[in-house]
Number of protein chains: 2
Amino acid sequence: MHIPIKVDYGVRALLDLAEHAQEPAVRSADISLRQHIPQSFLDRLLLTLAKDGLVRSVRGPLGGHALARDPAQVTLGMVMRSLGGNETIVGCLEAPESCNHLAGCGQREIWSEVEDAVQRILDGTSIADLLVRTKAARALVVSAAN
Amino acid sequence: MHIPIKVDYGVRALLDLAEHAQEPAVRSADISLRQHIPQSFLDRLLLTLAKDGLVRSVRGPLGGHALARDPAQVTLGMVMRSLGGNETIVGCLEAPESCNHLAGCGQREIWSEVEDAVQRILDGTSIADLLVRTKAARALVVSAAN
DNA sequence: CTTGTAGTTGACCAACTTGGTCAACAATAC
DNA sequence: GTATTGTTGACCAAGTTGGTCAACTACAAG
Ligand code: FES
Ligand code: FES
């Protein structure tokens with residue numbers, strides 16, 4: 001049970017784009033610097049996100065990346081599905097015959113219950129939600145420093 | 001987001017032990033045959049489960065494995081923690097300084113929310129629960145065959 | 001039309017995890 | 001002492017993760 005760092009990176013990148021939504025395009029180099037994500041790696045992630053329609057990228061000078069939709073319409077679930085690889089919760093998801101020997105494996109429903117619970121949380125949290133959370137967290141840090 | 005097959009194997013093994021609780025010890029070879037788990041692999045899993053106090057194993061002829069506790073007291077969460085490796089949901093669990101740069105990463109709480117939800121489901125399901133579920137599933141299969 | 005900028009693509013990489021095997025070893029019942 | 005059964009360590013192939021690099025392509029400005 002593990003959240004790949006790619007997903008966290010991706011979310012941070014989208015959050016960065018949401019914060020700079022007034023700019024027509026944000027360069028990956030800037031995101032990389034601000035979010036402390038290795039740039040070449042970040043580029044791949046942005047590419048994947050673009051292919052999945054979460055960001056719009058434009059090349060050349062003045063180029064960069066921008067959110068393709070309203071931050072409230074982009075959920076963590078989408079990011080996970082985009083970047084998290086197409087792994088399934090357990091090997092026998094769509095290959096039920098491999099585990100379903102003789103009398104059926106009683107665990108299957110539990111594993112998918114788990115999957116559903118995770119998806120519910122992830123699909124219930126948008127980039128917009130996360131942005132206000134992040135700002136609140138930052139405010140806390142600042143006030144603690146005083 | 002993935003449930004390693006080890007865990008499923010382990011649960012199936014424990015389920016098998018629970019079903020044969022009247023026998024003083026069940027040989028891993030029998031479990032292997034009944035549950036279709038490669039024996040050498042199963043042996044390792046049983047060893048781990050034994051080290052974590054979930055089964056009791058005895059060597060020699062008449063030896064084998066048995067549940068170390070009441071099936072109702074053994075949860076899927078325990079099996080997961082025992083066999084699932086000590087992976088954490090995201091790298092920066094107990095290394096918050098690595099991600100907590102400048103102002104804190106707002107996602108951290110979401111990831112642990114997810115982790116908690118999973119743990120709640122897993123800790124809320126015991127081998128005993130699963131045994132009745134499995135029997136019900138088997139009854140369904142049998143009735144469907146008639 | 002050249003030049004610089006910035007995203008895209010493919011090849012490649014080390015480290016780690018997963019699922020699994022095998023042979024040798026240790027305990028124990030008969 | 002012998003057969004049986006769990007224990008332990010070494011080893012393995014395949015896949016995933018996190019990451020790099022060089023080449024390529026699109027485009028804006030001059
Ligand atoms: S073997 Fe497929 S879920 Fe149990
Ligand atoms: S970087 Fe650690 S949770 Fe975001």
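A note on names: the letters A, B, ... follow the listed sequences, proteins ahead of strands, and every chain is numbered from 1.
- Across all strands, B:Ser40 comes closer than 4.0 Å to base atoms (heavy-atom distances).
- No option in A:Leu54, A:Leu122, A:Leu83 other than A:Leu54 meets the side-chain contact (heavy atoms from CB on, under 4.5 Å) test with A:Met78.
- The side chain of A:Lys51 contributes no N or O atom lying less than 4.0 Å from OP1 or OP2 of C:dG7.
- Atom CZ in A:Arg59 sits about 14 Å away from atom P in C:dA6, given to the nearest Å.
- At least one side-chain nitrogen or oxygen of A:Ser28 sits closer than 4.0 Å to the OP1 or OP2 atom of C:dG7.
- Residue A:Leu33 contributes atom CG, which lies 15 Å from atom C1' of C:dA6 at whole-angstrom precision.
- Between A:Arg27 and C:dA6 there is a side-chain polar atom (N or O) within less than 4.0 angstrom of OP1 or OP2.
- Of the charged side-chain nitrogens involved, none lies within less than 4.0 Å of a carboxylate oxygen, so that A:Arg12 and A:Asp16 do not count as a salt-bridged pair.
- As a whole-Å value, the separation of B:Leu46 CG from D:dT7 P is 8 Å.
- Spacing between atom NZ of B:Lys6 and atom P of C:dT21 amounts to 14 Å, rounded to whole angstrom units.
- In this entry the distance linking CG of A:Leu47 with C1' of D:dG18 reads 16 Å, nearest Å.
- Protein atom CD of A:Gln39 is 12 Å distant from nucleotide atom P of D:dC21, rounded to whole Å.
- Note: CZ (B:Phe41) to C1' (C:dT17) measures 11 Å, nearest angstrom.
- The residue among A:Arg44 and A:Val58 whose nearest nucleotide of DNA chain D is located toward the 5' end is A:Arg44.
- Between A:Tyr9 and D:dG19, a side-chain N or O to OP1/OP2 separation shorter than 4.0 Å is present.
- Side-chain contact, A:Gln119 with A:Arg81: a donor N or O sits under 3.5 Å from an acceptor N or O.
- No donor-acceptor pair under 3.5 Å is formed between the side chain of A:Ser32 and the backbone N or O of A:Pro38.
- Remark on DNA chain C: of its neighbouring residues B:Pro4 and B:Pro61, the 5'-side contact belongs to B:Pro4, judged by nearest-heavy-atom nucleotide.
- Each of B:Leu62 and A:Pro38 has a nearest nucleotide on DNA chain D; the 5'-most of these lies closest to B:Leu62.
- Whole-Å rounding puts the B:His36 NE2 to C:dG19 P distance at 19 Å.
- A heavy-atom distance below 4.5 Å is found between the side chains of B:Ile5 and B:Asp8.
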